[in-house]
S.K.: 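This is the structure I have questions about; it appears just below.
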Amino acid sequence: MKIWIDGRIVGPEEAHIPVTDHGLLYGDGVFEGIRVYGGKVFRLDRHLARLQFSASAIGLAIPGGIDRVRAVVHETAAAFGSHESYIRLLLTRGDGTIGVDPTRCPEPRLICICCDAELYDPEHLAQGLTLVTSSLRRPALDALDPRVKSLNYLNSVMAKREAKLRGADEGLLLNAAGLVAEATVANIFIHRKGALRTPPTCDGALEGITRETVIELAGGLGIPAHEQSLSRMDLLSADEIFLTGTGARIVPVRSFDSQDIGTEVPGPVTSKLMAAFDELVERI
Ligand code: PMP
């Protein structure tokens, strides 16, 4: 693992933040999770645009601007040296006094971690996940807009914890209106009546870069894909369900609220998209 912090690239034993960083004290900050495939950073411009969106949304200036962040990402990935890696980019409010007031934090802190990409057990993922509806709801857009990728992940942490306690792999979060938002750290798609459907992000989901990539790949494969508000009933009557995210890309869902989904896992459309994604990352 290599970490860029406070202008230096160091190993994990040397990477420290002061306990007065508001990222730690209040979850005050934003982040990105990015992959490196074949030595190339996947869709870096999209990740930087989302970081900029998240930072602006919480009134956080990017020290040195987005081009400096781009250089830091490349530098850290080069120092780690692996052709297949994972990058965690963090921008915190920086050091301040105790108390939420962000105006008392003079300088945001940029951190870039580059490490091995083996985040999940591939065999387990290929079998499909069990997904259950969480009792927690995604916060409303006027509470904490889920399109902002903030360091405040307690809503997801609690939903994941609840899913695990109930013996499932993943939790599905609905919004306050009862519409499907997303899984704890992944977007959701269903396939039904010949088309892919995914909730619009204003229903309470992050603007996932894997989600966007899957919509593009579906277009190339001639599979219709629509943004559409979904209810639990849409999921229960789906032919296929899968989740998308940077870490695991496309992950089939085997059951939803204890009901089996489809007849094979991964289903035929999910398999096609998984193969197309594999091919895409081979040729970036
Ligand atoms: N939703 C949430 C809440 C997430 O944390 C993530 C992971 N970044 C996603 C969706 C998937 O987004 P992406 O495809 O950009 O990784």
Side-chain angles (χ1 to χ4, degrees), residues 1 3 5 12 15 17 19-35 46-60 62 69 86-94 96 100 102 105 108-115 117 119-120 125 129 131-166 168-176 180-188 199 201-211 243-249 251:
M1 180 184 288
I3 300 125
I5 182 164
I17 59 158
V19 293
T20 49
D21 189 305
H22 278 213
L24 174 68
L25 286 174
Y26 301 111
D28 184 356
V30 295
F31 77 103
E32 280 297 315
I34 309 170
R35 287 290 290 267
R46 284 292 301 112
H47 283 284
L48 293 177
R50 191 170 66 184
L51 184 77
Q52 178 77 74
F53 167 82
S54 299
S56 301
I58 66 162
L60 193 54
I62 297 184
V69 180
Y86 179 84
I87 292 170
R88 175 59 61 95
L89 192 54
L90 298 110
L91 184 62
T92 77
R93 190 74 64 180
V100 287
C105 304
R109 171 171 282 116
L110 181 67
I111 300 170
C112 182
I113 303 169
C114 188
C115 59
L119 304 168
Y120 306 95
L125 292 185
L129 300 184
L131 178 70
V132 288
T133 306
S134 177
S135 66
L136 288 101
R137 299 289 174 108
R138 266 292 181 245
L141 270 65
D142 58 355
L144 181 58
D145 192 331
R147 292 171 298 180
V148 174
K149 198 162 167 61
S150 83
L151 289 178
N152 218 301
Y153 257 47
L154 209 46
N155 181 247
S156 286
V157 171
M158 298 315 288
K160 183 77 173 186
R161 179 172 184 270
E162 182 191 50
K164 287 284 175 107
L165 284 172
R166 288 161 60 189
D169 297 309
E170 253 304 322
L172 175 81
L173 288 127
L174 308 178
N175 65 19
V180 172
E182 58 180 342
T184 60
V185 288
N187 292 108
I188 187 160
T201 56
C202 58
D203 279 354
L206 186 75
E207 292 177 339
I209 289 160
T210 320
R211 171 187 186 275
L243 307 181
T244 63
T246 291
R249 308 212 289 243
V251 184

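One is the number of the first residue; the rest follow in order along the sequence.
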S.K.: Indicate yes or no: at least one non-hydrogen side-chain atom of V69 is less than 4.5 angstrom from one of L89.
M.R.: yes
S.K.: Between E207 and R211, does any side-chain N to carboxylate O distance fall below 4.0 Å?
M.R.: no
S.K.: Could you check if a side-chain atom of V148 sits within less than 4.5 angstrom of a side-chain atom of L144, using non-hydrogen atoms only?
M.R.: no
S.K.: Within the 4.5 Å heavy-atom criterion, are P108 and T92 side-chain neighbours or not?
M.R.: no
S.K.: Between S156 and R161, is any side-chain donor less than 3.5 angstrom from a side-chain acceptor?
M.R.: no
S.K.: In Å, rounded to the nearest 0.5 Å, how long is the span from CD1 of I111 to CD1 of I5?
M.R.: 4.0 Å
S.K.: Just by distance, do the side chain of R137 and the backbone of N175 share a donor-acceptor pair under 3.5 Å?
M.R.: yes
S.K.: Measure from the side-chain N and O atoms of N187 to the backbone N and O of L206, and report whether any donor-acceptor pair falls under 3.5 Å.
M.R.: yes
S.K.: Is T210 reaching over with its side chain to a backbone N or O of T246, donor-acceptor style, under 3.5 angstrom?
M.R.: yes
S.K.: If you define the side chain from C-beta out and look only at heavy atoms, does anything of I3 sit under 4.5 Å from C112?
M.R.: no
S.K.: Quick test of your reading of the model: are R50 and E32 salt-bridged, counting only N-O distances below 4.0 Å?
M.R.: yes
S.K.: Using a 4.5 Å cut-off on heavy atoms from C-beta on, say whether the side chain of R138 contacts that of N155.
M.R.: yes
S.K.: Is the backbone N or O of G29 less than 3.5 Å from a side-chain atom of S150, with the two atoms forming a donor-acceptor pair by type?
M.R.: no
S.K.: Run the ring-ring contact (aromatic ring centres under 6.0 Å, His included) test against H22 and tell me which residues pass, sequence neighbours left out.
M.R.: Y26
S.K.: When you compare the side chain of L25 with that of V19, does any pair of heavy atoms fall below 4.5 Å?
M.R.: no
S.K.: Indicate yes or no: at least one non-hydrogen side-chain atom of L131 is less than 4.5 angstrom from one of E170.
M.R.: yes
S.K.: Do the charged groups of R93 and D21 touch, with an N to O distance under 4.0 Å?
M.R.: no
S.K.: Look at the side chain of R35 and the backbone N and O of G247, then say whether any donor-acceptor pair between them is shorter than 3.5 Å.
M.R.: yes
S.K.: Tell me if a side-chain donor or acceptor on E182 pairs with a main-chain N or O of L172 at a distance below 3.5 Å.
M.R.: no
S.K.: Given 3.5 Å as the limit, does a donor-acceptor pair link the side chain of E162 with the main chain of S135, or not?
M.R.: yes
